[in-house]
**Q** 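So that we are looking at the same thing, I have put the structure below in structure tokens.
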Amino acid sequence: MNNLLNTSIVYTGVDDKTIDLFEGQYTVPNGVSYNSYVLLDDKVTVLDTVDARASEEWFANLESALGDRQPDYLVISHLEPDHSANIQRFMDKYPNTYIVSNAKTFAFLPQFFENMDTDGKTIVVKEGDTLQTGKHSLRFFMAPMVHWPEVMMTYDETDKVLFSADAFGKFGALDTDEDWTCEARRYYFNIVGKYGVQVQAVLKKLAALEVQIICPLHGPVLSENLEYYIGKYQTWSSYEPEDSGVLIAYASMHGNTAKAAQKMKEFLEEQGIKTAITDLARDDMAEAVEDAFRYDRLILASATYDAGIMTCMESFLYSLKHKNYQKRKIALIENGTWAPLAAKKMKEALEGMKEVEVMERVITIRTEAKEKDLEEMKQLARELAE
């Protein structure tokens with residue numbers, strides 16, 4: 001718990017190193033942080049609570065930040081349980097607090113806390129409204145579908161601090177020393193990625209603000225080189241490739257498709273192409289999705305299975321479509337002993353994705369790659385390098 005860069009804002013969040021799956025599906029080997037903040041002014045404002053897994057530590061942090069003072073306002077940025085779980089318990093402890101949020105939040109609140117009495121304790125805000133806390137003026141901006149419909153951001157006009165809800169967040173506890181970009185990218189494309197248009201709309205709002213500090217609900221507080229982080233969000237939300245390179249995503253039954261994928265990696269690197277490779281049956285699917293969005297080209301390699309494709313490849317393609325994958329060039333490699341159909345099925349799965357170019361050359365392997373197949377793969381690498 002600490003003051004943020006000599007501002008009146010105290011960090012009261014908690015690291016969770018015991019969680020294995022975020023949102024019940026994304027592996028978080030380095031845990032996650034649940035961020036919460038207290039603005040100490042003439043009126044005291046608490047910005048968001050934390051997950052039920054971290055209740056006791058959060059209340060201890062909160063009490064330490066408050067000292068002998070009582071909170072006047074609780075701002076709810078986002079109702080997802082990892083941020084809202086302690087609202088009722090907070091209100092029971094501090095019954096004179098006013099809850100500040102937008103109409104959608106208050107419409108959803110009874111779904112989370114059926115018996116919580118909020119009569120006379122709510123302040124409903126809309127786009128551009130402000131709340132004076134003394135020296136500080138808080139301005140509210142709606143951020144629907146980034147990544148729930150009730151999400152809003154709060155801008156402290158005095159200290160130029162943006163409380164950004166789940167935007168600009170990342171996986172990983174705060175005591176973990178790791179690169180921001182990799183885990184922020186994996187977080188973005190798997191949590192927020194479907195809603196690029198909505199993120200773009202919020203970025204346009206932020207462009208008019210002087211932001212010196214970004215306080216997300218997950219991950220570190222950002223106070224330096226903000227152009228870098230905002231630039232990443234601009235790239236990610238516009239679905240433009242971040243790097244020039246190729247991801248090879250393969251699904252192999254008996255190892256032959258895996259061998260072909262590894263040879264394809266060699267051929268691409270001979271052409272000077274940056275290359276990543278993922279075994280869809282074993283590697284982290286969220287990381288595979290992340291890399292698919294990171295690079296401008298993608299190779300899908302799958303064995304034929306039950307006259308279709310392997311389930312891990314099917315899941316990968318479903319995830320890409322669900323997350324609005326677009327603006328990429330894709331090559332196909334299929335394998336089959338008597339009736340190779342994987343390329344046909346993969347191509348069908350790609351239909352409807354925006355600005356996706358499927359290359360004309362399709363590599364068809366019969367059980368194991370032969371010399372002629374390798375020569376054709378070399379030619380594919382040359383075409384991908386052009």
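Computation of the quantities below employed the complete heavy-atom set of this structure, encompassing side-chain atoms and omitting hydrogens, waters and symmetry-equivalent molecules. Keep in mind it's a predicted model, so treat the numbers as computed, not measured.
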**Q** Heavy-atom distance under 4.5 Å between the side chains of Ile365 and Thr257, does that happen here?
**A** no
**Q** Could you check whether any side-chain heavy atom of Met152 comes within less than 4.5 Å of a side-chain heavy atom of Ser101, counting everything from C-beta outward?
**A** yes
**Q** Judged by atom type as modelled, is there a donor-acceptor pair below 3.5 Å linking the side chain of Thr275 to the main-chain atoms of Val246?
**A** no
**Q** Which heavy atom in Asp166 sits nearest to a heavy atom in His147, and how many Å separate them?
**A** OD2-NE2, 3.2 Å
**Q** On the 0 to 90° scale, with breaks at 30° and 60°, tag the Phe171-Phe22 ring pair as parallel, tilted or perpendicular.
**A** perpendicular
**Q** Please say which of Lys345, Met346, Met359 ends up in a side-chain contact (heavy atoms from CB on, under 4.5 Å) with Leu332.
**A** Met346
**Q** Does any N or O in the side chain of Asp15 come within less than 3.5 Å of the main-chain N or O of Leu174, such that one atom is a donor and the other an acceptor?
**A** yes
**Q** Please report the closest heavy-atom contact between Ile19 and Tyr34, naming both atoms and the distance.
**A** CD1-OH, 3.8 Å
**Q** Check this for me: does any side-chain nitrogen of one of Glu157 and Arg139 sit under 4.0 Å from a carboxylate oxygen of the other?
**A** yes
**Q** Would you find a donor on one side and an acceptor on the other, under 3.5 Å apart, between the side chain of Asp306 and the backbone of Gly308?
**A** no
**Q** If the plane angle is over 60° it's perpendicular, under 30° parallel, otherwise tilted; pick one for His322 and Tyr318.
**A** parallel
**Q** Spell out, as yes or no, whether a donor-acceptor pair under 3.5 Å connects the side chain of Tyr239 to the backbone of Gly193.
**A** yes
**Q** Apply side-chain contact (heavy atoms from CB on, under 4.5 Å) to the pair Leu74 and Phe90, showing each step before the final yes or no.
**A** CA-CA 9 Å; Leu74 171 65; Phe90 174 91; 3.8 Å; yes
**Q** Give a yes or no on whether Lys327 atom NZ has more than 12 heavy-atom contacts from other residues, nucleotides or ligands under 6.0 Å away.
**A** yes
**Q** Taking C-beta and beyond as the side chain, do Tyr295 and Asp243 meet within less than 4.5 Å on heavy atoms?
**A** yes
**Q** More than 12 heavy atoms of other residues, nucleotides or ligands under 6.0 Å from NZ of Lys321: yes or no?
**A** yes
**Q** For the residue pair Val100 and Phe106, what are the closest heavy atoms and their distance?
**A** C-CZ, 4.5 Å
**Q** Is there a donor-acceptor pair under 3.5 Å between the side chain of Tyr305 and the backbone N or O of Ser252?
**A** no
**Q** Please determine, by modelled atom types, if Thr176 and Asn30 share a side-chain donor-acceptor pair under 3.5 angstrom.
**A** no
**Q** Quick one, Asp373 with Lys263, criterion salt bridge (charged side-chain N to carboxylate O under 4.0 Å, His left out). Give me CA distance, side-chain angles, the key distance, then yes/no.
**A** CA-CA 11 Å; Asp373 301 318; Lys263 293 300 293 185; over 6 Å; no
**Q** If we ignore angles and hydrogens, is there a donor and acceptor under 3.5 Å between the side chains of Asn86 and Ser55?
**A** yes
**Q** Using atom types as modelled and distance alone, determine if a side-chain donor or acceptor of Asn190 lies under 3.5 Å from a backbone N or O of Ala286.
**A** yes
**Q** Can Gln200 and Ser237 be counted as having a side-chain donor-acceptor contact under 3.5 angstrom?
**A** yes
**Q** Among Lys329, Arg361, Gln271, which one satisfies side chain to side chain donor-acceptor pair (under 3.5 Å) with Glu383?
**A** Arg361
**Q** Ignoring hydrogens and angles, tell me if any N or O in the side chain of Asp48 forms a donor-acceptor pair with the backbone of Ser84 under 3.5 Å.
**A** no
**Q** Mark yes when over 12 heavy atoms from residues, nucleotides or ligands other than Glu224 sit less than 6.0 Å from its CD; otherwise mark no.
**A** no
**Q** Salt bridge (charged side-chain N to carboxylate O under 4.0 Å, His left out) for Lys265 and Glu269? Distances and angles first, verdict last.
**A** CA-CA 6 Å; Lys265 184 175 187 293; Glu269 289 172 345; 2.5 Å; yes
**Q** List the steps and the verdict of salt bridge (charged side-chain N to carboxylate O under 4.0 Å, His left out) for Lys259 and Glu266.
**A** CA-CA 11 Å; Lys259 290 178 185 176; Glu266 292 177 21; over 6 Å; no
**Q** Kindly compute the distance separating CZ (Phe168) from CG (Leu206), expressed to the nearest 0.5 Å.
**A** 6.0 Å
**Q** Do Val199 and Tyr188 touch side chain to side chain, with heavy atoms closer than 4.5 Å?
**A** yes
**Q** Are Leu350 and Ile330 side-chain neighbours, meaning at least one heavy-atom pair lies under 4.5 Å?
**A** yes
**Q** Between Ser36 and Val50 (side chain of the first, backbone of the second, donor and acceptor by atom type, cut-off under 3.5 Å), is there such a pair?
**A** no
**Q** How long is the straight-line distance from CG of Leu317 back to CG of Leu298, given to the nearest 0.5 Å?
**A** 8.0 Å
**Q** Counting only heavy atoms not in Tyr98 (residues, nucleotides, ligands), do more than 12 fall under 6.0 Å from its OH?
**A** no
**Q** Pair Phe140, Leu131 - check side-chain contact (heavy atoms from CB on, under 4.5 Å), show working.
**A** CA-CA 8 Å; Phe140 303 99; Leu131 177 68; 3.8 Å; yes
**Q** Do the ring planes of Tyr229 and Trp180 sit parallel (below 30°), tilted (30 to 60°) or perpendicular (above 60°)?
**A** perpendicular
**Q** How many angstroms lie between atom NZ of Lys323 and atom CE of Met353, to the nearest 0.5 angstrom?
**A** 13.0 Å
**Q** With hydrophobic residues grouped by side-chain heavy-atom distances under 4.5 Å, do Val289 and Ile277 end up in a single group?
**A** no
**Q** Search all heavy atoms of Met253 against all heavy atoms of Ala303 and return the closest pair with its distance.
**A** CG-CB, 4.0 Å
**Q** How long is the gap from CG on Leu300 to CD1 on Ile333, to the nearest 0.5 Å?
**A** 9.0 Å
**Q** Between His83 and His218, what is the ring plane arrangement, given parallel below 30°, perpendicular above 60°, and tilted in between?
**A** tilted
**Q** Between Arg186 (side chain only) and Ala184 (backbone N and O only), is there a donor and an acceptor less than 3.5 Å apart?
**A** no
**Q** Considering only NZ, NE, NH1 and NH2 on the basic side and carboxylate oxygens on the acidic side, decide whether Lys378 and Glu371 come within less than 4.0 Å.
**A** no
**Q** Going by atom types alone, do Asp156 and Thr154 pair a side-chain donor with an acceptor below 3.5 Å?
**A** no
**Q** Please report the closest heavy-atom contact between Gln132 and Ser137, naming both atoms and the distance.
**A** NE2-OG, 2.9 Å
**Q** Given the rule in the side-chain contact (heavy atoms from CB on, under 4.5 Å) test, do Val151 and Tyr195 qualify, once you have shown the distances and angles that lead to the verdict?
**A** CA-CA 13 Å; Val151 173; Tyr195 304 108; over 6 Å; no
**Q** Side chains of Leu39 and Leu138, heavy atoms from C-beta outward: is any pair under 4.5 Å?
**A** yes
**Q** Should Ile99 and Met116 count as side-chain neighbours, where that means a heavy-atom distance under 4.5 Å?
**A** yes
**Q** With a 4.5 Å limit on heavy-atom distance, are the side chains of Leu66 and Gln70 in contact?
**A** no
**Q** Kindly compute the distance separating OH (Tyr37) from OG (Ser77), expressed to the nearest 0.5 Å.
**A** 9.5 Å
**Q** Given salt bridge (charged side-chain N to carboxylate O under 4.0 Å, His left out), test Lys344 with Glu348 step by step and report yes or no.
**A** CA-CA 6 Å; Lys344 177 177 181 290; Glu348 288 174 358; 2.9 Å; yes
**Q** More than 12 non-hydrogen atoms from neighbouring residues, nucleotides or ligands closer than 6.0 Å to NZ on Lys104, yes or no?
**A** no
**Q** Rounded to the nearest 0.5 Å, what separation is found between the OH atom of Tyr325 and the CZ atom of Phe189?
**A** 10.0 Å
**Q** Has Ser315 got a side-chain atom pairing as donor or acceptor with Thr311's backbone, closer than 3.5 angstrom?
**A** yes
**Q** Between Tyr155 and Phe163, is the ring centroid distance below 6.0 Å?
**A** no
